[in-house]
Each structure stands twice: as structure tokens, then as C-alpha cells.
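Take a look at the structure below.
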Number of protein chains: 2
Amino acid sequence: MAEEGFRGPQVCKIVGITYRQLDYWARTDLIRPSIADAKGSGTQRRYSYQDLVELKVIKNLLDAGVSLQLARKGVEYIRKNLGEDIGSASLVIDGPKSVLARSDGEVIDLMRKGQGVLSIVALGPVVDQLDSAIHELHPTEPKDSEKAPARAVSGGG
Amino acid sequence: MAEEGFRGPQVCKIVGITYRQLDYWARTDLIRPSIADAKGSGTQRRYSYQDLVELKVIKNLLDAGVSLQLARKGVEYIRKNLGEDIGSASLVIDGPKSVLARSDGEVIDLMRKGQGVLSIVALGPVVDQLDSAIHELHPTEPKDSEKAPARAVSGGG
DNA sequence: CGGCGGTGTGACAGGCGCGTAGTTACATCG
DNA sequence: CGATGTAACTACGCGCCTGTCACACCGCCG
């Protein structure tokens, strides 16, 4: 019972996607549960909190009309470069390339240099939405300290 | 003869799309040639320069992974609100809503308020790309003054 | 008038990203 | 060990978007 991580259907409610989406993404290697993969019918996928962040980012990107293909690359970039300062950073997708901007100024710089379209995801609100949804569905989970390690206030520019 | 406007295949080369895309978009009312629509086989679609701008915006949005559905709404917004100061503005798509930002500061503001993902199109580079492509394919067209009426330098921030 | 090139049109195929429905298999309870 | 619930698996189909191909049509030139 609720060992470590989140199960499939639970994840769907938290991030606001359907089970078919989660399933499809896992099968197509978009996002696989990093704690435990499924080993046949009846088994369970266990997603980590980090997985939830990535899933929520993808969810938001989809809502913004960004294709899965590109959302995937952005998530890959987050995986490699995301540290403890999630809340103060923004993911900037410039066509095929992805960049992490630590401040608003960097975003402006990228806007000037970029010749095409920038898709920007502010990670702070994403984490907020995520924690809020987890609290509503997991009011008894005491793992908050481990979930959101270091959040910068969104007041400083 | 190059009366007024641009014909279908010519448009495809300029904005960098396939003819099937242009055709599909015209049939699904995404972007119809504003000068002259097709009246059966053998006739010609005539696109205005304004059409080219919109098409190029859509092209860039597609390259950025944004769906046609949402790109369509952004273009509709441009149509209504775009004045003569194309080059200095940016189209900001916030989920289902679209906004025009006249300066970088407005973009930052939208980033702070927005809870999701912003897709930003800097119209200046779009116009540049467009004019450049037109010059390569239409070296004898003298209508530049009418094409890019007022461009602000991108130094002000 | 008739051939010729350019252009729009219609029909079909195919991939992507899911939804739906039914089935299978583990996990827990009794 | 059997019953039950839950979650993953499979098969099928749809809608969107685009590529391919054959065809119809217009204008031009001879």
C-alpha cells in the first residue's frame, strides 16, 4: 500500500491527464516511471515526484498546443539540467533546441536572439499546481519536504 | 504576369511550406487568400503580403511544435489587432488566449501572471525572413516600401 | 483550334495521438 | 486456496494533418 512513488491512475488525477495518455507516453518512451516499470498485467507503475514534474510540464505544453514530439525534448533537457532551484527557472523551447533560463533577463535575451518561436514554461507555477493537486489527493502524505526541496519566492526578478 | 499578390506555389516557396499545407489551410478556412480565392481548377489563389505574414507566423509556430488549432487563433488575433508597427510587437499565446505584447516588459509581465505555457512569436524576425525570401524569389519586385511599412529598431527595452 | 505548362481538385494512404472496450494478470483479503 | 478488485495489456477505430497521384481546368502560344 503506497510504498514509494505514485501509481498510474493516481498520477493521472494529479497532473490532470487521462490514463490512456499516461499509458501511451510510457509505451512510446516519452516518460517511463522511474521508480518501477510495469512487468505485465496486474503490476503497477511507480512514478517519482520528479516524474510528476515532468508530466505536469508536458501537460501544460499540450494545453499550450505544443506537440508531444517537442515537449519530449524539453523534458529531456529538464532531466539533465534541472537542479534544486526549480521554482525560479523557466524552460525555454526554441524550435528544436531547449534552454533553461534562470531569470527573466535571460528570457528577454533569448527572445532577441531567437528568430522563431519561443515556448516558455515557468517551472514555479508548475510545481505549485503539482503540490496543490497532491495535497488534495494525498492529504496524509508527509513527504513534502522531500518533494519541494528549494523554492525561491517569485518576487525577485 | 504577377498582377497583384502572390500565387499558391510561389507562396509555398516563400514561406517554406508544402502546397498541400497551403491547400489544406485554405480549404479548412485557416487562411484564405484575401485578394482572390480559387474558383475551380485552373484558377489561381492570390495571396496578399499580409497573408504571407500570417502564413509565416503559422509556419514558425508549426516548427515550434504548436498545433494548427492554436496557431489559427493566434493568427486571428493578429488580423484584428495588428497595426503598422509589426516589427516591434510580439504575439504571445497563453493557452487558449492570445495577446499582443508591444514591448519586452509586457512579455515578462505575462510570464509572471501566466500559470501555464507561453508561446511567443517575435514579429520582427518573421517579417525579416519573409522579405528576405521574397527578395530571393522576386528580385524584381519593387513593392518593398508597401510591404514593410514601419519597423522599429529592436534596441528599446 | 490544339498542344503545353501551370494550377487547383479529388481520392486515397498513412502516421500520430489518443478514446473505447474487452481481456489478462497480479495483489490482497477471507 | 479461491474470490475480488485493480491496474496493465491488447485490439480496433477515429480525427487531424500531410504526402502522393491522377485528373480537370485555365491561359498562353503557335
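Keep in mind it's a predicted model, so treat the numbers as computed, not measured. Naming convention: chains lettered A, B, ... in sequence-line order (proteins, then strands); numbering from 1 in each chain.
For the side-chain contact (heavy atoms from CB on, under 4.5 Å) with B:Y47, the lone residue among B:I14, B:I35, B:L22 that qualifies is B:L22.
Under 4.0 angstrom from either OP1 or OP2 of D:dC9 there lies at least one side-chain N or O belonging to A:R45. A:Y24 has a side-chain polar atom (N or O) that falls below the 4.0 Å cut-off from OP1 or OP2 of C:dG17. Of the side-chain N and O atoms in A:W25, none sit less than 4.0 angstrom from OP1 or OP2 of C:dG17. Residue A:R27 places at least one side-chain N or O under 4.0 Å from the OP1 or OP2 atom of D:dT10. The side chain of A:Q21 contributes an N or O atom lying less than 4.0 Å from OP1 or OP2 of C:dC18.
Set against D:dA8, C:dG8, D:dA7, the side chain of B:Y19 has C:dG8 as its closest nucleotide.
Across all strands, B:T18 comes closer than 4.0 Å only to sugar-phosphate atoms, never to a base (heavy-atom distances). Using a 4.0 Å heavy-atom criterion, one finds that B:L62 contacts the sugar-phosphate atoms exclusively.
Judged purely by atom type and a 3.5 angstrom limit, A:D63 has no side-chain atom pairing as donor or acceptor with the backbone of A:N60.
In terms of polar N and O atoms assigned as donor or acceptor, the side chain of B:S41 never comes within less than 3.5 Å of the base of C:dT9 in a complementary pairing.
Within 6.0 Å of the CD atom in B:Q69, the count of heavy atoms belonging to other residues, nucleotides or ligands does not exceed 12.
In this structure, the side chains of B:S34 and B:Q50 stay at 4.5 Å or more apart for every pair of heavy atoms.
Taking for each of A:G42 and A:R20 the nucleotide of DNA chain D with the nearest heavy atom, the 5'-most of the two is the partner of A:G42.
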